[in-house]
Amino acid sequence: MAETIKLTARLDLSFSEKLVSDLKAVDAGTDIILDASDVVHFGALGAQAILATARRTHASGASLKLENVSERVERQLGYMGLNSANLMEGTA
């Protein structure tokens, strides 16, 4: 069974602590689905939290999926040398 987490509109410094807390609360070995449908700003701290979670999740044999990523968010990730695919895989 997968755990779905709806991401906030802004993944920046002001919301990174809550995001990290939400992600750490998911049990190891649980698949995670991140719903990015409301995200309009994807900052470096949000990317860092998701990348670390992807690595932890994959190490436990589970998966992380980032859904409903807008073109705007893909551009913002691109500015950081990332994209939603390598973020999900933890390979950035």
Side-chain angles (χ1 to χ4, degrees):
M1 177 134 186
E3 172 107 15
T4 300
I5 297 174
K6 186 144 177 91
L7 299 174
T8 61
R10 296 188 59 83
L11 296 177
D12 57 12
L13 179 61
S14 60
F15 290 101
S16 62
E17 189 174 319
K18 181 182 180 340
L19 176 60
V20 169
S21 175
D22 290 348
L23 293 171
K24 284 185 175 181
V26 177
D27 293 331
T30 301
D31 294 332
I32 301 173
I33 299 170
L34 300 175
D35 180 357
S37 58
D38 290 343
V39 178
V40 295
H41 176 78
F42 207 116
L45 291 175
Q48 182 180 19
I50 291 172
L51 182 60
T53 300
R55 290 179 177 162
R56 178 179 58 91
T57 302
H58 290 298
S60 71
S63 66
L64 181 133
K65 187 172 182 183
L66 188 59
E67 294 184 338
N68 304 314
V69 179
S70 69
E71 288 182 32
R72 177 181 178 163
V73 167
E74 283 290 357
R75 274 194 314 275
Q76 291 171 0
L77 289 171
Y79 298 145
M80 295 180 273
L82 302 168
N83 61 49
S84 58
N86 64 14
L87 198 60
M88 284 187 287
E89 292 300 317
T91 58

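All values reported here derive from a predicted model rather than from experimental measurement.
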### Query
If we only count heavy atoms from C-beta on, is the Lys65 to Asp31 side-chain gap below 4.5 Å?
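Counting from C-beta outward, Lys65 and Asp31 never come under 4.5 Å.
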
Donor-acceptor contacts, no H, no angles, side chain residues 1-8, under 3.5 Å, sequence neighbours left out:
| unit_1 | atom_1 | unit_2 | atom_2 | d |
| --- | --- | --- | --- | --- |
| Lys6 | NZ | Asp35 | OD2 | 3.4 |
| Lys6 | NZ | Ser37 | OG | 2.7 |
| Lys6 | NZ | Asp38 | OD2 | 3.4 |
| Thr8 | OG1 | Arg10 | O | 3.1 |

### Message
Would the distance check show the side chain of His41 and the main-chain N or O of Gln76 forming a donor-acceptor pair, the cut-off being under 3.5 Å?
### Response
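Not a single qualifying donor-acceptor pair exists.
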
### Message
Same cluster or not: Val26 versus Leu19, using hydrophobic residues (I, L, V, M, F, W, Y) connected whenever any side-chain heavy atoms lie under 4.5 Å apart?
### Response
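Linked, Val26 and Leu19 end up in one cluster.
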
### Message
When you group the ILVMFWY residues by side-chain heavy-atom contacts below 4.5 Å and let the links chain together, are Leu87 and Met80 in the same group?
### Response
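Yes, Met80 and Leu87 fall within the same hydrophobic cluster.
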
Which pair of non-hydrogen atoms, one from [X] and one from [Y], has the smallest distance, and what is that distance?
| X | Y | result |
| --- | --- | --- |
| Leu66 | Ala36 | CD1-CB, 4.1 Å |
| Leu51 | Asn86 | CD1-O, 4.4 Å |
| Leu77 | Ser84 | CD1-N, 3.8 Å |

### Task
Please name all residues satisfying side chain to side chain donor-acceptor pair (under 3.5 Å) with Ser60, sequence neighbours left out, ordered by chain then number.
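By the side chain to side chain donor-acceptor pair (under 3.5 Å) rule, Ser60 matches no residue at all.
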
### Partner of Phe42 by side-chain contact (heavy atoms from CB on, under 4.5 Å), out of Leu82, Asp12, Ile50, Val69
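Testing each of Leu82, Asp12, Ile50, Val69 against Phe42, the sole residue satisfying side-chain contact (heavy atoms from CB on, under 4.5 Å) is Ile50.
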
### Query
With sequence neighbours left out, what residues match Thr53 under side-chain contact (heavy atoms from CB on, under 4.5 Å)?
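Checked Thr53 against side-chain contact (heavy atoms from CB on, under 4.5 Å); matches are Leu23, Ile32, Arg56, Thr57, Leu64.
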
### Query
Which residue pairs pass the salt bridge (Lys or Arg N to Asp or Glu O under 4.0 Å) test when at least one of the two sits in residues 15-28, sequence neighbours left out?
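Found Lys18-Asp22.
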
### Query
Is there any salt bridge (Lys or Arg N to Asp or Glu O under 4.0 Å) pair reaching into residues 70-88, and which pairs are they, with sequence neighbours excluded?
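Those involving residues 70-88 do not exist here.
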
